[in-house]
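The structure under discussion appears below in the form of structure tokens.
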Amino acid sequence: MSDVIETAGLWKVYEDVEALQGLDLRVPQGSIFGFLGRNGAGKTTTIKVLLGMARPTRGEARVFGQSPFDAQSGVDIRRRVAFVSDEKDLYDYMTVGEIIAFTRSFYPRWRNDLEQQYLRKFELAPGRVIRGLSRGTRTKVALLLALCRGAELLMLDEPTSGLDPAMAEDVLQSLVAHVGREASTVFFSSHQLSEVEQIADHVAIIESGQTVVSGPLDELRAQYQRIELVFEGDAPDIRVHAPGKHRVRRKGRVLTVLTGPPKGGPSQVNAAGSSHATAVVEELRGYRPTSIDVTPVTLKDIFLESVKTEE
Amino acid sequence: MLWHKAWLETRWRFIIALLILTMMAGSSVYGFIATQRLLPVLNANSGSATVEATGLGEAIREAIELQKTFRGFVWYQAIRQNLTQMGVFFAILLGCGGLLSESTKGSALFTLALPVTRKRLFGARAGTGLAQWFAIAMVAPLSIVLLAPSIGERFSIVDALAHGLCVFVGGAVFFSLASFLSTLFGDVWRPLLIAIGIACAIALASFAAPQLAIFSVMNGESYFRYGTLPWTGLLVSAVLAMALLYSAAETLERRDF
């Protein structure tokens, strides 16, 4: 599977703010790639660099193997990419029909069948002026404009931000259905971990402009595990020495240990998986707990741990 | 479609500018009748001691002299004053805005994600604005040609086109200046006010250094007085306008959004 997006050592400095600090990223073709990070972690800057809207201070960025900063290859990239920005700001003075006609004129592979389908599905009236639309409806218009381009890569910056849960679910389902039908790649940034977990098959977590975790979501989950130990009395105040221990919490009789790849190790997920948990469990058996449970973790646990690790 | 977008963004400025400048040019035709009635009174007072003492006598006498004929009146009132002075303001207004000001409204990212180069985006916007300015510069003097017979006068279509060309080329410099400033400042107000400030400074400087008199090019004074277009001034203005537009396109190309 080739990569549609590749960055290596990507830096972007805005005056005195280092928005990206050596970002390494690989997005496989055909994946639904969740791009996670806290506010200000560098998600939007990364997308802007990939689309040629901002030039990197140094490092490499390629989309479909081409540089977004060359005028002609930048145009070629943008012809193959559909982008929906965080704000979903469109041209206020146009009607829905006008902005569809405007956008259609730039994309030879525009899908008229999908246009009609999404107009019905999203209940969009072509005669309505964009200025008068709610944020949710604007998002639907922006999504229609992105999905009908016949794009090979959908690049979505916080696609559900500002939407109510029902509308967010509607948007996510439309995306999943579209990708299933059209076999395109989706690269979307979000800090809504539940929705990333719901639709993504690959994720990258960035913090302070660097990739801290990246890889297939299933493998990532297998890398991290939660070990819960219950003791007869209060849980002992212990130090875990085995590699792969990330966090230890005591509460009454319960001691919880989060395990994962050793800190400072490679950010790319590997198949070492549960060996970290096994080593920690072996060490903790010596404290004679009454029970030991090893359970999978959520993306939220991984995210919080990854972000915290870097602090 | 980029041209259509640029048209939708600027159409109200264009329509307002076209209406105001055409109405001003057209109404000056009817002002000629009233001025003719006033001329004997003005003639009687222009040589007063007070006026002579202030050194304005010659200028006033010339103004009165010029306005005795319809052609002179049209040039003095409609072209030299209304079209040139108000024209500068509207040329600047048409040049303001563009991709950077879109970024303050939030739609710039949508535009930048389209498969077109920034130069093409800028070109469509500048081309639309210049086409609008050309239409204004031509329609306003041509309205005089159309209305003059209604008061029994005549204004040559060749004169109207010649003055329209001068107004267009001179005004294009201010249009381009505003376009360039709009690639430096995201709002509309700063490019507008700075460009107007520069226009005022040029007007003041041209009293001391007549070679800076872009307004003389714009009002086609040499054509009115001697029947020859100010070719050098037109050429310098056109080159200056192109240089400003080129600088604007280059600035936009290098800019981060």
Side-chain angles (χ1 to χ4, degrees), chain A residues 12-15 19 44-45 47-57 68-95 98-109 130-131 138 141-142 145-146 149 151 155-157, chain B residues 1-16 93-94 96-129 132 183-188 246 248-257:
Chain A
K12 178 63 193 175
V13 181
Y14 290 107
E15 292 176 1
T44 299
T45 301
I47 290 176
K48 285 182 177 179
V49 169
L50 292 172
L51 288 170
M53 295 171 185
R55 286 178 184 275
T57 309
F69 316 112
D70 172 71
Q72 200 46 53
S73 62
V75 168
D76 187 49
I77 288 168
R78 293 194 294 276
R79 189 169 288 123
R80 299 166 70 184
V81 174
F83 169 63
V84 176
S85 74
D86 180 14
E87 297 299 322
K88 286 98 184 171
D89 281 320
L90 303 167
Y91 306 135
D92 274 356
Y93 47 84
M94 286 191 187
T95 64
E98 280 173 338
I99 202 163
I100 289 174
F102 173 79
T103 311
R104 188 199 294 133
S105 69
F106 295 97
Y107 297 93
R109 295 169 58 198
I130 303 285
R131 191 182 293 115
R138 277 173 191 238
V141 175
L145 297 175
R149 291 175 191 192
M155 213 179 269
L156 314 170
D157 192 5
Chain B
M1 287 302 266
L2 287 175
W3 296 87
H4 180 62
K5 171 182 177 285
W7 161 251
L8 290 177
E9 284 169 353
T10 54
R11 59 187 161 173
W12 289 114
R13 294 180 210 182
F14 165 68
I15 290 168
I16 290 167
L93 193 63
L94 285 170
C96 289
L99 198 52
L100 195 57
S101 80
E102 265 191 58
S103 67
T104 59
K105 297 173 201 152
S107 59
L109 296 187
F110 181 80
T111 306
L112 287 165
L114 295 170
V116 286
T117 59
R118 292 186 189 181
K119 284 203 168 83
R120 206 177 133 202
L121 289 171
F122 178 77
R125 172 75 184 219
T128 305
Q132 290 170 337
T183 62
L184 303 177
F185 305 105
D187 56 301
V188 172
Y246 177 79
E250 287 298 314
T251 306
L252 204 60
E253 188 73 24
R254 288 194 299 271
R255 193 167 192 99
D256 280 343
F257 284 86

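Every chain is numbered from 1 and lettered A, B, ... according to where its sequence line falls, protein lines coming before strand lines. The shown structure was predicted, so the numbers you read here are calculated from the model rather than taken from an experiment.
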Contact part of Tyr14(A) toward chain B, heavy-atom cut-off under 4.5 Å: side chain, backbone, both or neither? side chain
Is Phe102(A) in contact with chain B via its backbone, its side chain, both, or neither, using a 4.5 Å heavy-atom distance? both
Using 0.5 Å steps for rounding, measure from the CG atom of Leu109(B) to the CZ atom of Phe83(A). 5.0 Å
Look at the rings of Tyr91(A) and Tyr93(A) and say which category their plane angle falls in: under 30° parallel, 30 to 60° tilted, over 60° perpendicular. parallel
Check whether any side-chain N or O of Arg255(B) sits under 3.5 Å from a backbone N or O of Thr183(B) as a donor-acceptor pair, and report yes or no. yes
If we define contacts as heavy-atom pairs under 4.5 Å, which of Lys5(B), His4(B), Arg254(B), Arg120(B) has the most with chain A? Lys5(B)
Which one wins on heavy-atom pair count under 4.5 Å against chain B: Arg78(A), Arg80(A), Lys48(A)? Arg78(A)
Against chain B, label Leu145(A) side chain, backbone, both or neither, depending on which of its atoms sit under 4.5 Å from a heavy atom there. side chain
Could you tell me which portion of Met155(A) (side chain, backbone, both or neither) has an atom closer than 4.5 angstrom to a non-hydrogen atom of chain B? neither
Side chains of Asp157(A) and Ser85(A): donor-acceptor distance under 3.5 Å anywhere? no
Cut-off 4.5 Å, heavy atoms of chain A, and the answer for Lys105(B) is backbone
With distance as the sole test, does Thr128(B) use its side chain to make a donor-acceptor pair with the main-chain N or O of Trp7(B) at under 3.5 Å? no
Bottom line for Arg118(B): the part with an atom under 4.5 Å from chain A's heavy atoms is side chain
So which part of Lys88(A) gets closer than 4.5 Å to some heavy atom of chain B, the side chain, the backbone, both or neither? neither
What part of Ala142(A) gets within 4.5 angstrom of chain B, counting heavy atoms only: side chain, backbone, both, or neither? neither
Are the side chain of Arg138(A) and the backbone of Ile130(A) linked by a donor-acceptor contact shorter than 3.5 Å? yes
Euclidean distance, Arg125(B) CZ relative to Thr10(B) OG1, rounded to 0.5 Å: 5.5 Å
